[in-house]
Amino acid sequence: MTLTAPSMTDQPSPSDDEASRDQSFLEAARRAKLARIIELGHDPWGTRFDDRQLIGEIRARASEIVYRKADGANITLPSLETEEERAAFRPWIAEQGAGEIVGPQVRAAGRIILSRDKGKLLFIDIRDMTGQLQLFIGRDQVGESWDLAQCFDLGDIIGVDGTLRRTKTGELSIFADRLHILTKSIETPPEKHSGLQDAELRTRQRYLDLTYNEGVLDRFLDRTRIVSSIRKTLGDRGFVEVEGPTLHTIAGGAAARPFTTHHNTLDLDLFMRIALELHLKRLLVGGVERVYELGRVYRNEGISPKHNPEFTMLEVYQAYGDYRSMMDLTEECICEAIHAIRGAGDGKPTSYSIEFAGKAVDFKPPFKRATYAELFQQHAGVDPTDSAAVVALAKKLGIETAGRHPDVIKNDVFEAKVEDALEGPIFVIDYPASICPLTKRKASDPAVAERFELFIGGMEIANAYTELNDPDLQEELFRSQLAGMSDEDSMAKMDHDFIRALRHGMPPAGGLGIGIDRLVMLLTGTQSIRDVILFPVLRPEK
RNA sequence: GCUCCCUUAGCUCAAUUGGCAGAGCAACUGACUCUUAAUCAGUAGGUUCAUGGUUCGAGUCCAUGAGGGAGCACCA
């Protein structure tokens with residue numbers, strides 16, 4: 001048996017490692033280069049890389065690049081915006097006579113996205129969080145680094161020292177003096193033009209989606225900007241951010257099925273929270289007069305383009321306010337968020353128009369406001385106070401009517417006929433009281449609850465109440481709500497401590513809930529909630 | 001949980017009526033000091049999601065299962 005030294009062309013023996021067999025041919029080439037990098041005296045897993053500049057910052061320094069003539073005179077480069085201007089650049093250089101393009105010394109780091117090997121020249125495009133930039137690597141210009149460059153593959157993370165200049169075609173480039181390997185990649189990246197298309201791979205391997213698919217990173221950065229903006233809007237108005245418990249002994253505050261979990265030492269079954277409401281209201285009782293939480297809730301329910309089992313909710317409570325205060329606050333939060341992802345500097349955005357699902361949505365405040373009853377009449381074509389007509393319409397729509405509360409039937413009709421038609425933004429106000437167990441009734445009409453929902457693009461984005469603070473009525477409403485529930489919903493329990501808190505006195509207040517994921521979908525023009533959640537729930541890989 | 005659709009090379013996609021499983025990118029070898037999805041020549045790369053079945057013959061037809069997507073239901 002003869003042993004031979006490994007080389008890049010050697011194929012691995014097919015039998016031993018069957019799990020990696022498919023990939024091994026491609027991986028072996030990368031591992032051979034990894035070995036060569038070590039041989040050249042470099043660490044393929046890199047090290048601290050100080051003083052690097054962001055590609056966005058480096059690009060901003062393009063104006064420092066000049067043509068320096070042999071006599072030392074600096075000439076400003078012509079504009080290189082258009083195709084024509086770029087095509088004219090090479091002849092322009094020739095016209096200037098003896099001299100060279102000079103620019104600032106820079107240091108950058110990023111992942112290799114594209115590579116064009118042209119013999120003794122190598123063009124590599126690297127990308128960092130702020131942008132993409134070309135490296136110009138000449139064999140006779142980079143010295144020892146040339147050998148290292150031969151070991152680079154798409155996907156490797158590298159560093160570069162060089163000068164920022166322009167090629168003869170006008171392309172902004174770092175002309176490399178020295179290269180650094182910062183991390184070797186031993187997996188093959190996705191196809192370079194189409195990126196990752198498979199929806200499953202995009203969510204399962206989000207890191208690839210972020211790196212290689214256009215606009216994905218920007219969308220998630222926009223999400224962060226929106227969330228930061230909302231925190232700022234609320235903070236500017238004196239609202240205090242708190243962190244309530246995510247493990248509840250009673251999962252209240254919404255009509256949803258919770259996840260269950262267990263504390264071992266206490267031997268106690270617990271529920272993941274389905275809403276933030278009941279603990280924030282306890283804080284109102286405790287004197288935290290303007291309070292909010294922006295955090296994750298968990299609902300053990302179906303998955304759809306608008307639903308993920310864990311999602312982010314904002315709930316805000318304002319003592320001495322009501323649902324009208326919350327309408328103004330909602331507009332302010334949304335408009336400032338648009339400003340945050342759109343506006344440059346301190347200038348207000350020139351347009352509040354955002355395209356969603358092929359339609360332009362105009363967020364210019366104030367948003368439209370219409371009552372539940374008006375919209376019902378308008379879109380369902382039936383007087384909502386005419387119970388017989390509502391039931392007749394419900395039956396026609398195939399909605400179950402037997403033994404159900406008239407307002408519940410009415411609301412099913414509303415959801416079927418009205419909600420999808422609401423392109424919005426529109427505040428639907430004044431809901432039937434019987435479907436709002438946590439809401440104060442209108443003084444003038446106890447059958448109507450002081451509640452609004454904000455609809456945009458057919459989605460419910462926000463939900464707000466004038467909060468119910470009558471402990472006796474609250475207890476009664478809880479009881480009647482629980483009475484209608486099946487044994488399956490065994491987690492539905494009376495929260496006695498919440499009632500006790502109300503008995504101590506909760507100030508009159510407005511309360512608001514905003515579904516952050518859906519708001520981000522709208523503001524970023526995204527159709528699936530899975531595309532605004534970094535790691536949505538997936539079954540495990542086989 | 002129910003209905004329909006999808007799954008082919010590392011990635012993006014082809015494959016006629018059931019008749020030899022193909023291309024581009026990526027990889028490898030070679031050429032090229034101003035490229036831009038570089039180009040050119042060559043080489044290699046497959047359990048067609050899995051397991052059964054029908055058939056002379058299955059990527060294609062049937063059954064079951066897995067994962068994903070859309071819709072429904074549940075839920076805002």
Side-chain angles (χ1 to χ4, degrees), chain A residues 7-11 14 18 20-30 32-33 83 86 89-90 93 101 113-125 132 134-142 146 153-155 165-173 175 185-205 208 212-213 254-258 274-275 297 299-309 311 313 398 400 411 415 419 435 453-455 458-463 488-489 513-515 517-518 527-530 536 538-542:
Chain A
S7 81
M8 288 188 195
T9 50
D10 273 354
Q11 287 184 37
E18 65 134 278
S20 67
R21 212 172 103 195
D22 292 348
Q23 185 73 6
S24 62
F25 179 69
L26 296 168
E27 184 180 326
R30 285 168 178 259
K33 290 179 191 168
E83 289 287 318
R86 282 167 167 262
F89 189 55
R90 201 186 299 252
I93 295 170
I101 298 171
I113 298 299
L114 289 172
S115 166
R116 293 173 291 282
D117 180 356
K118 203 165 174 310
K120 299 182 196 65
L121 269 191
L122 178 60
F123 296 90
I124 286 178
D125 290 4
Q132 194 168 325
Q134 173 172 281
L135 311 184
F136 179 106
I137 300 160
R139 189 191 67 175
D140 300 336
Q141 286 83 39
V142 290
W146 184 253
D153 284 303
L154 295 179
R165 281 145 64 183
R166 286 190 182 274
T167 63
K168 289 173 185 168
T169 54
E171 180 74 19
L172 191 65
S173 309
F175 283 66
S185 170
I186 56 177
E187 287 278 356
T188 312
E191 211 271 351
K192 68 185 177 190
H193 349 118
S194 52
L196 263 201
Q197 292 301 313
D198 186 281
E200 180 178 352
L201 291 179
R202 287 183 46 218
T203 48
R204 232 181 250 294
Q205 295 180 262
L208 295 179
Y212 294 101
N213 286 349
R257 203 166 287 230
I274 57 172
V297 296
R299 297 188 179 180
N300 203 340
E301 275 144 11
I303 295 176
S304 85
K306 290 179 189 169
H307 301 262
N308 191 60
F311 62 101
M313 277 284 289
E400 181 67 46
N411 200 49
E415 286 177 7
E419 286 191 1
I435 59 170
E453 292 196 15
L454 174 63
F455 284 88
M459 282 193 292
E460 182 209 328
I461 296 300
N463 185 11
E488 273 182 11
D489 298 311
I514 294 180
D517 311 271
R518 289 180 178 182
Q527 304 273 352
S528 169
I529 200 168
R530 285 185 291 271
L538 283 176
R539 286 189 167 90
E541 247 175 304
K542 288 179 274 195

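Convention: sequence-line order gives letters A, B, ...; per-chain numbering from 1.
Rounding to whole angstrom units, CZ of residue A:F89 and P of B:rU35 are separated by 13 Å. Rounded to whole angstrom, the span from the CG atom of A:N463 across to the P atom of B:rC75 amounts to 15 Å. Following rounding to the nearest Å, A:E200 (CD) and B:rU12 (P) show an atom-to-atom distance of 11 Å. In this entry the distance linking CG of A:L201 with C1' of B:rC11 reads 9 Å, nearest Å. When the P atom of B:rC75 is taken as reference, atom CD of A:E453 falls 14 Å away, rounded to whole Å. The interatomic distance linking A:Y212 (OH) with B:rA26 (C1') rounds to 11 Å, in whole Å. Here the P atom of nucleotide B:rG71 and the CD1 atom of A:I529 are 13 Å apart, to the nearest Å. Atom CG of A:D153 is separated from atom C1' of B:rC11 by 15 Å (rounded to the nearest Å).
Nucleotides B:rC11 and B:rG45 have their C1' atoms positioned 13 Å apart, rounded to a whole Å. Separating the C1' atom of B:rG22 from that of B:rA44 is a span of 15 Å, rounded to the nearest Å. The same atom, C1', is picked in B:rU51 and in B:rG67; the two are 15 Å apart, to the nearest Å. For the P atom pair drawn from B:rG53 and B:rC6, the interatomic distance equals 24 Å after rounding to whole Å. Nucleotides B:rA63 and B:rC74 place their P atoms 30 Å apart, quoted to the nearest Å. A gap of 10 Å separates the P atoms of B:rU48 and B:rU60, to the nearest Å. For B:rG69 and B:rA23, the C1' atoms lie 26 Å apart once the distance is rounded to whole Å. Across the C1' atoms, B:rA9 and B:rU16 are found 23 Å apart, a figure rounded to whole Å.
Nucleic acid contact class of A:G138 (heavy atoms, under 4.0 Å, all strands): none. At the heavy-atom level, A:F136 lies under 4.0 Å from base atoms of the strands shown. Within the nucleic acid shown, A:R530 comes within 4.0 Å of sugar-phosphate atoms alone, with no base atom in reach, counting heavy atoms only. Note on A:G195: only backbone sugar-phosphate atoms sit closer than 4.0 angstrom, heavy atoms only; bases stay farther off. Among the heavy atoms of the strands lying under 4.0 Å from A:T167 is at least one base atom, whether or not backbone atoms are also near. Looking at heavy-atom distances under 4.0 Å, A:Q205 makes no contact with the nucleic acid at all. Within the nucleic acid shown, A:L196 comes within 4.0 Å of sugar-phosphate atoms alone, with no base atom in reach, counting heavy atoms only. Across all strands shown, A:E541 has no heavy atoms under 4.0 Å from either base or sugar-phosphate atoms.
The side chain of A:T188 approaches B:rG10 more closely than any other nucleotide in the set B:rG67, B:rG10, B:rU12. Of the candidates B:rC34, B:rA26, B:rC75, the closest approach to any side-chain atom of A:L154 belongs to B:rA26. Taking the side chain of A:P305 as heavy atoms from C-beta on, and the options B:rA27, B:rU35, B:rA70, the nearest nucleotide is B:rA70. Taking the side chain of A:F25 as heavy atoms from C-beta on, and the options B:rC75, B:rU12, B:rA44, the nearest nucleotide is B:rA44. The nucleotide whose nearest atom lies closest to any side-chain atom of A:Q197 is, among B:rG68, B:rC11, B:rU12, B:rU12. Which of B:rG67, B:rC11, B:rC75 sits closest to the side chain of A:P190 comes down to B:rC11. Each of B:rC74, B:rC34, B:rU35 was ranked by its minimum atom distance to the side chain of A:Q134; first place goes to B:rU35.
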Using nucleotides 37-40 of chain B, report all nitrogen or oxygen pairs with the protein that are shorter than 3.5 Å.
| unit_1 | atom_1 | unit_2 | atom_2 | d |
| --- | --- | --- | --- | --- |
| B:rA37 | N1 | A:H193 | ND1 | 3.1 |
| B:rA37 | N3 | A:H193 | ND1 | 2.9 |
| B:rA37 | N3 | A:H193 | NE2 | 2.0 |
| B:rA38 | OP1 | A:K192 | NZ | 2.7 |
| B:rA38 | OP2 | A:R116 | NH1 | 2.7 |
| B:rA38 | N6 | A:D117 | O | 3.2 |

Sort me out a list of protein N/O and nucleotides 3-5 of chain B N/O pairs below 3.5 Å, or just none if empty.
none

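With RNA chain B read from its 5' end, the first of the two nearest nucleotides for A:F123 and A:R299 is the one closest to A:F123. The residue among A:T203 and A:E301 whose nearest nucleotide of RNA chain B is located toward the 5' end is A:T203.
Remark: side-chain polar atoms of A:R299 are paired, donor with acceptor, to backbone N or O of A:I274 under 3.5 angstrom.
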Verdict with supporting geometry, A:F123 and A:L135, side-chain contact (heavy atoms from CB on, under 4.5 Å): CA-CA 6 Å; A:F123 296 90; A:L135 311 184; over 6 Å; no
Stepwise side-chain contact (heavy atoms from CB on, under 4.5 Å) check, A:L154 with A:R30: CA-CA 10 Å; A:L154 295 179; A:R30 285 168 178 259; 4.3 Å; yes
Candidate pair A:F455 and A:E419, rule side-chain contact (heavy atoms from CB on, under 4.5 Å), full reasoning: CA-CA 8 Å; A:F455 284 88; A:E419 286 191 1; 3.4 Å; yes
Worked verdict on A:K192 versus A:Y212 for side-chain contact (heavy atoms from CB on, under 4.5 Å): CA-CA 8 Å; A:K192 68 185 177 190; A:Y212 294 101; over 6 Å; no
Which nucleotides of RNA chain B pair, in dot-bracket form (Watson-Crick or G-U under 3.5 Å, | meaning another strand): (((((((..((((.....[..)))).(((((.......))))).....(((((..]....))))))))))))....
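A:R116 is linked by a salt bridge (charged side-chain N to carboxylate O under 4.0 Å, His left out) to A:D125, counting only residues two or more places apart in sequence or in another chain. Qualifying salt bridge (charged side-chain N to carboxylate O under 4.0 Å, His left out) partners for A:D153, counting only residues two or more places apart in sequence or in other chains: A:K33, A:K184. Listed by chain and residue number, A:R451 satisfy the salt bridge (charged side-chain N to carboxylate O under 4.0 Å, His left out) test with A:E453 (two or more places apart in sequence, or in another chain).
Between the side chains of A:S194 and A:E191, a donor-acceptor pair is found at a separation under 3.5 Å.
Looking at every heavy atom in both residues, A:N213 comes nearest to A:G195 through OD1-CA, 3.3 Å. Residue A:R166 comes nearest to A:F89 through the heavy atom pair CB-CE2, 4.3 Å, listed as atom of the first residue, atom of the second, then distance. The two residues A:P536 and A:T203 make their nearest non-hydrogen contact at CG-CG2, 3.9 Å. Here the closest non-hydrogen pair linking A:Q197 and A:R202 is O-CD, 4.0 Å.
Dashed line: the shortest gap from a side-chain N or O of A:R539 to OP1 or OP2 of B:rG68 is under 4.0 Å. Phosphate proximity of B:rC28 to A:K33: present, with a side-chain N or O under 4.0 Å from OP1 or OP2. Within the 4.0 Å cut-off from OP1 or OP2 of B:rU35, at least one side-chain nitrogen or oxygen of A:R90 is found.
Residue A:E171 places no side-chain atom within donor-acceptor reach of the base of B:rU35, judged by atom type and a 3.5 Å distance cut-off alone.
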